[in-house]
Every structure is written in structure tokens, then in C-alpha cells.
Amino acid sequence: MFSYEEIQQIRNQFPMLKNNENKNIYFDNAATTQKTVQVINTIKKYSCNLNSNVNRSVHFLDKFTTNSLELNRKHMKYFINAKYREEIIFTTGTTESINLIAFCISKFLKKSDDIIISHSEHHSNIIPWQVLSQKNNANLKVIPVNSEGALNIRVFKKLMTKKTKFIAISHVTNTFGIINPINKIIKTAHKQNSLVLIDGSQAISQITIDVQNLDCDFYVFSIHKMYGPTGLGILYGKKQILDKLPPYKCGGGMIEKVTFRQTLLAGLPFKLEAGTQNMAGIIGTNKALKFLLNCSIIKVKSYETKLLKYAIKILSNINGLQIYYKNSKLTKILSFNIEKIHSFDLGKLLTNYGIAIRTGAHCAQPLMEYLKITGTIRISFAIYNTIEEIDIFYKYLIKCLELLS
Ligand code: PLP
């Protein structure tokens with residue numbers, strides 16, 4: 001566990017927090033995390049002194065960027081324990097990674113095949129599958145959840161048939177922070193020869209990911225949720241599957257030879273990375289990985305769980321407050337509602353005191369509709385948050401509730 005001094009040292013690595021004269025509190029880390037000074041400085045230094053494109057020219061700047069990019073691909077391979085470097089595809093984020101797969105598997109999906117998702121997915125892991133199933137006349141099946149938002153695995157097993165070709169499921173839900181039983185889901189899916197995509201957006205900063213051990217076919221996440229730059233995501237896919245996929249976008253960087261008669265595609269990973277990459281972002285990502293590894297992901301999780309337990313304890317003093325899914329394994333996300341209070345009203349009042357929380361449906365409208373709620377109040381922690389911040393949040397929460405009552 002981190003000492004008070006260690007957390008202060010960590011906070012000092014984040015310019016947003018170090019220069020925080022107004023003592024603002026940032027509890028919206030599930031939406032995006034703040035970036036370390038090392039990430040920011042690396043991007044700045046690269047952009048000021050070394051900027052160039054990759055794999056296009058013979059000059060020294062191109063060579064530097066190309067080598068750095070490929071080195072960072074290797075670091076990412078080790079970070080999630082992928083087997084091959086070619087299994088790491090750079091995208092713009094989780095959303096693009098999922099859209100890429102939904103687009104590329106279209107040619108393998110026949111009429112009446114089934115795709116399975118769950119009721120608690122983020123819109124990014126619903127809409128691409130809805131569009132694909134409508135385009136291919138396939139069926140989109142949805143694993144139901146219980147009143148707390150947890151998956152009904154018994155029904156999932158019943159939904160699985162020979163027609164199931166694809167399952168897309170989040171590792172940790174962004175609404176209530178539920179850790180889904182993905183090991184069980186992947187094993188069950190593979191028994192029926194179905195492919196599985198895991199949306200790791202909310203897991204990647206807290207859980208050590210070993211894609212070979214998980215045996216998932218695809219694992220996707222966004223770098224901006226793990227203290228790194230925006231505009232960058234990772235698509236991991238098993239090489240033998242990615243090899244069979246058609247390109248998602250076409251253009252520069254993904255070809256061996258182009259003539260007007262035909263185009264010969266490059267191999268992996270370039271086949272799936274058309275166009276100019278977010279070079280500065282990829283180079284800055286290395287510092288985010290280093291930061292997380294230096295902190296130790298296990299220690300990060302146990303510290304954030306301590307914050308969450310403390311928040312649950314003090315929030316439980318409030319009459320009429322309902323916490324969603326507080327009794328399971330805890331992550332870093334806490335969602336709640338308070339009787340007769342609209343989440344937007346509370347969010348708007350708290351922002352006046354410099355407290356940033358998330359309110360509403362959290363890009364999961366089907367789940368909110370199912371639970372018959374308009375949304376929730378969500379606080380989500382990162383490694384730089386503190387018990388003192390939770391106390392201040394609680395103090396102003398009580399003040400806001402008095403104003404609203
Ligand atoms: N999936 C989950 C579970 C998320 O929490 C998010 C973002 O909040 C996304 C997908 C979409 O991520 P991005 O907007 O970075 O593509």
C-alpha cells in the first residue's frame with residue numbers, strides 16, 4: 001500500500017494536480033485520467049525537436065520515429081503479454097478498435113448467425129454490433145443483468161448455440177465497475193467456436209492483463225484512461241485471426257504495391273493501420289506504461305479499492321442513498337442515486353465547489369432503461385486521489401443535498 005508521502009509524490013507528477021491552486025477535485029477518472037508530466041514532456045519534446053512521419057523516408061527523423069514507434073509496439077506487447085509484435089494494432093481508441101473488428105468480421109458473418117453482447121455495455125460496444133447485425137441480417141442477442149447490473153451467466157450459457165459467432169463484452173463495466181467473469185465467458189465461447197472481444201477500457205489501469213492467459217481473440221482499450229495521451233487506442237488480436245481480416249481503412253502505409261489493376265496489401269500490423277499514425281501519442285504512451293509499472297498495477301488496484309471502501313462507508317450515512325453493486329469485488333467506480341435527487345442537479349451544484357463527477361447514463365442508456373432510472377451519480381478514482389478529497393467531496397455533497405431539499 002502507498003504511504004501518504006508516496007501519494008503526494010505521485011500527485012506531483014501530474015501538472016493538473018500539482019498546479020491546482022483552486023484545490024479542484026477530479027473524480028471522473030473513468031471518463032479519462034490526467035496525464036503525467038513525463039507523458040506531456042515527451043510529447044512536447046518529440047513535437048518540438050523530432051517530429052516526422054514513419055516508414056516513408058530515408059531521413060534521420062523518419063528513422064527515429066519509425067524505430068520509436070516499433071519499440072513502443074514492443075513495450076505494449078510485453079505490457080499485455082501478447083505473443084507477437086504484429087498483434088498490437090494502433091487505433092484512435094477503444095471505439096475505433098471495436099468498429100474496426102465489427103467492420104472486418106462482416107464478411108465471415110452469415111445471415112441468422114448470432115452476436116452476443118450484454119445489457120451493461122458502453123454504447124461503443126453496442127452500436128457497432130447493432131449496425132453489423134442489421135447489415136448482415138444476423139441476430140444481436142443480449143445477456144440480461146440482475147437488478148444490481150451483474151451479468152446473468154446462466155442465461156448467457158443458454159444463449160450460446162452453434163449459431164453464436166461472436167461475443168463482445170466489457171472486462172469491467174463503466175457504469176457500476178462490475179468485473180465480468182470473462183474467463184468463464186471466453187471458455188464457454190470457445191467451446192462453441194465463437195470469437196470473443198473484450199472491452200478493457202476500464203480494466204487496463206487496474207488489472208494486469210495477460211491476453212495469452214485470458215485466451216481472448218481481441219482485447220481493446222484506450223490509452224487516455226491509463227494516464228496516457230488522448231487519440232490513441234490499442235487493438236490486440238490473435239495473429240492467426242488478424243491475418244484473415246480484410247483492411248478496415250485503405251490508404252498510405254498499408255500496402256506492398258499499388259497499381260491501377262490491383263493493390264498488394266502489406267502484412268500485419270500495417271495492413272490495419274492505414275494513414276498517418278498518432279506518432280507523438282504512441283511515443284508518449286511509453287511513459288504512461290512506465291508510470292503504471294513503476295507504481296505497480298497490483299498496488300494501484302489495492303489503493304483505489306481502499307478509496308472506494310472508504311467512500312462507500314461514509315456515503316452509507318446518507319439517508320435514501322442507493323449504491324449500485326457495492327458488495328462485489330470492488331474496482332475504482334462507484335455509482336449511486338439519492339432519493340428524490342436528480343443526478344444532473346447534484347453534478348451541477350458540485351461543480352460550483354470545484355468537484356468534477358460524472359452524472360447521467362454514462363453512455364449506457366439500455367442499462368439505465370432496464371433499471372428504470374435516468375442515470376446515476378458516478379465517482380471514479382485514480383491513483384492520485386486521496387481520502388482527504390473524499391472527505392471534502394462528502395462535506396460538499398451534504399451541503400448540496402441541503403440546498404436541494
Ligand atoms: N468502453 C468502455 C467500457 C468505456 O468506459 C469507454 C469510455 O468511457 C469506451 C468503451 C469508449 O472509449 P473511447 O471513447 O476512448 O473510445
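Remember, it's a predicted structure, so these values are computed and weren't measured experimentally. Both ligands and their constituent atoms are indexed starting at 1 by order of listing. FYI, the numbering just counts along the sequence from 1.
Look at H123 and you'll find every heavy atom at least 4.0 Å from all atoms of ligand 1. The shortest separation from a heavy atom of K225 to ligand 1 is under 4.0 Å, placing the residue in contact.
Residue H224 places at least one N or O, backbone or side chain, under 3.5 Å from an N or O of ligand 1. At a 3.5 angstrom cut-off on N or O pairs, S170 does not count as close to ligand 1. Residue Q202 places at least one N or O, backbone or side chain, under 3.5 Å from an N or O of ligand 1.
Side chains of D199 and T94 form a contact here, defined as non-hydrogen atoms less than 4.5 Å apart. In this structure the side chain of E304 never reaches within 4.5 angstrom of the side chain of K301, judged on heavy atoms. Contact annotation: the side chain of I80 approaches that of I88 to within less than 4.5 Å [non-hydrogen atoms, C-beta and beyond].
The protein non-hydrogen atom at the shortest distance from atom 14 (O) of ligand 1 is T95 OG1, 3.6 Å. Nearest protein heavy-atom contact of atom 4 (C) of ligand 1 is H122 CD2, 3.3 Å.
For ligand 1, the atoms lying closer than 4.0 Å to a non-hydrogen atom of S222 are 12 (O), 13 (P), 15 (O), 16 (O). Close approach of ligand 1 to S124 is summarised as follows: ligand atoms under 4.0 Å from at least one heavy atom of the residue are 10 (C), 11 (C). Those atoms of ligand 1 that come under 4.0 Å of a heavy atom in T94, given as number and element, are 10 (C), 12 (O), 16 (O).
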Which donor-acceptor pairs under 3.5 Å do side chains of residues 165-174 form with protein atoms, sequence neighbours excluded?
{"residue": "K165", "atom": "NZ", "partner": "K162", "partner atom": "O", "Å": "3.2"}
{"residue": "S170", "atom": "OG", "partner": "E121", "partner atom": "OE1", "Å": "3.4"}
{"residue": "S170", "atom": "OG", "partner": "E121", "partner atom": "OE2", "Å": "3.4"}
{"residue": "S170", "atom": "OG", "partner": "N180", "partner atom": "ND2", "Å": "3.4"}
{"residue": "H171", "atom": "ND1", "partner": "Y219", "partner atom": "OH", "Å": "2.8"}
{"residue": "T173", "atom": "OG1", "partner": "G177", "partner atom": "N", "Å": "3.3"}
{"residue": "T173", "atom": "OG1", "partner": "I178", "partner atom": "N", "Å": "3.0"}
{"residue": "N174", "atom": "ND2", "partner": "H362", "partner atom": "O", "Å": "2.8"}

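The option with the heavy atom closest to atom 10 (C) of ligand 1, from among D199, T92, N125, I98, is D199.
Using a 4.0 Å cut-off between charged nitrogen and carboxylate oxygen, K187 and D215 do not count as a salt-bridge pair.
No more than 12 heavy atoms of other residues, nucleotides or ligands sit less than 6.0 Å from atom CD of E369. Counting non-hydrogen atoms of neighbouring residues, nucleotides and ligands closer than 6.0 angstrom, the CG atom of N49 exceeds 12 such neighbours.
Here the closest heavy-atom approach between residue T175 and residue A361 is recorded as CG2-O, 4.3 Å.
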